[in-house]
Amino acid sequence: MPLRSHGWRPLAAVAFTTVVWASAFAGIRAGLEAYGWGELALLRFTVAVALLLTYAALSRIRLPDARDLGAIALAGFLGIDVYHLGLNFGETRVAAGPASLLISAVPVVTALLAWVFLKERLGAWGWAGMLVGFAGVAVISLSASGGVRFEPAALAIMAAAVGESVYFIMIKPMMRRYSVMELTVYTFVAGWVFMLPFLPGLVRAVPRAPAHATLSAVYLGVFPAALAYLAWNFALSRMPTGTTMSFLYFTPALAILIAWVWLGELPGVLPVLGGVVVTVGVVLVNTFGSAATQLTEEL
């Protein structure tokens, strides 16, 4: 199905989220200068939850059904705690290149899970596009790090990628019963509760932290957390899972572009080449993936 058939709002939501999530890597680096990996995640999601709960109170959103509490809690734990704690911890020891390469497994893992559990099929061209996109990310990642040298902490990033993938698969069916805002609020609150063991360390760290580190955490909470998840979940509710997830391959390329504009870090030839390969992969998924699926089903 062509992208234009989904309407401009989901595409705008995907574009916003991809750019904002690309900017999060710089924010995490700045925050980790003063906060531990757990304290940074808790501060980030305290800001996000406060923002979302304020809106929820003003709009009087309903409480979740008791039968869904277990699934919501698990989704929040996997998508918020496992992903963000694992990524923060991994970034304290793993170079940016290998880290982004590992996280970029999210689209492929999510597409596989959607195929198994949601019966969403990409078709041959769709899977080819996924692999081409991953290859583009690999080119960008390896050029940024000068090679791959995985450390034990890489396992935390791999767990983060799997946790995020399962989160998206779990909330997709629930979007038939709850709004995007409701699901985002529910899962964020659940994930935040699981982070509370880091509260004593956060209380000690805040008075000693420089202003730029704390402001980075606030930025992470407002934009890459609260607003970006709302936008992404909206897009996920309107578009096929595989199609939506394929746009995540743009994140490393956009992160390099943001560093160029923001920090004056000129990209080399390989990152640019990787960005072109990523674009080809995403075009394959979104132009031919659904068509190949329909042809397969007709045969």
Show which side-chain atoms of residues 190-213 pair as donor or acceptor with protein atoms under 3.5 Å away, not counting sequence neighbours.
unit_1 : atom_1 : unit_2 : atom_2 : d
Trp192 : NE1    : Thr46  : OG1    : 2.9
Arg208 : NH1    : Arg204 : O      : 3.1
His212 : NE2    : Glu33  : OE1    : 2.9

(request) Sorted by first residue and then second, give each salt bridge (charged side-chain N to carboxylate O under 4.0 Å, His left out) pair with at least one member in residues 12-28; sequence neighbours left out. (result) none
(message) Return the CD1 to CG distance between Ile61 and Leu53, rounded to the nearest 0.5 Å.
(response) 8.0 Å
(request) Using the test side chain to side chain donor-acceptor pair (under 3.5 Å), find all partners of Thr18 that sit at least two apart in sequence or belong to another chain. (result) none
(request) Find the distance between OH (Tyr35) and CG (Leu42) and round it off to the nearest 0.5 Å. (result) 10.5 Å
(request) Please report the shortest heavy-atom distance between Leu220 and Arg44, naming the atom on each side. (result) O-NE, 3.3 Å
(request) Name all residues meeting the side chain to side chain donor-acceptor pair (under 3.5 Å) criterion together with Ser216; count only those two or more places apart in sequence or in a different chain, and write none if there are none. (result) none
(message) For His84 versus Gly79, what's the shortest heavy-atom pair and its separation?
(response) CD2-O, 3.7 Å
(message) List the residues meeting ring-ring contact (aromatic ring centres under 6.0 Å, His included) with Phe234, not counting sequence neighbours, and say none if there are none.
(response) none
(request) Could you tell me which residues satisfy side chain to side chain donor-acceptor pair (under 3.5 Å) with Thr17, sequence neighbours excluded, listed by chain and number? (result) none
(request) Rounded to the nearest 0.5 Å, what's the gap from CZ on Phe168 to CG on Leu236? Could you check? (result) 7.0 Å
(message) Once side-chain contact (heavy atoms from CB on, under 4.5 Å) is applied, do any residues pair with Asp68, and if so which ones, sequence neighbours excluded?
(response) Asp65, Ile72, Arg177, Tyr178
(message) Per the salt bridge (charged side-chain N to carboxylate O under 4.0 Å, His left out) rule, what does the pair list look like for residues 180-196, sequence neighbours excluded?
(response) Arg62-Glu182
(request) Tell me whether Trp232 is reachable from Tyr55 by hopping between hydrophobic residues (I, L, V, M, F, W, Y) whose side-chain heavy atoms are closer than 4.5 Å. (result) yes
(request) Mind checking ring-ring contact (aromatic ring centres under 6.0 Å, His included) for Phe188 and listing every partner two or more places apart, or none if nothing turns up? (result) Phe45, Tyr229
(request) Apply side-chain contact (heavy atoms from CB on, under 4.5 Å) to Leu215 and list each qualifying residue two or more places apart in sequence or on a separate chain. (result) none
(message) Within this structure, what is the OH-OG distance for the pair Tyr219 and Ser23, rounded to the nearest 0.5 Å?
(response) 2.5 Å
(message) Would you compute the distance between atom OG of Ser237 and atom CG of Leu183 and round it to the nearest 0.5 angstrom?
(response) 9.5 Å
(request) Enter the distance from Leu51:CG to Leu227:CG here, rounded to the nearest 0.5 Å. (result) 6.5 Å
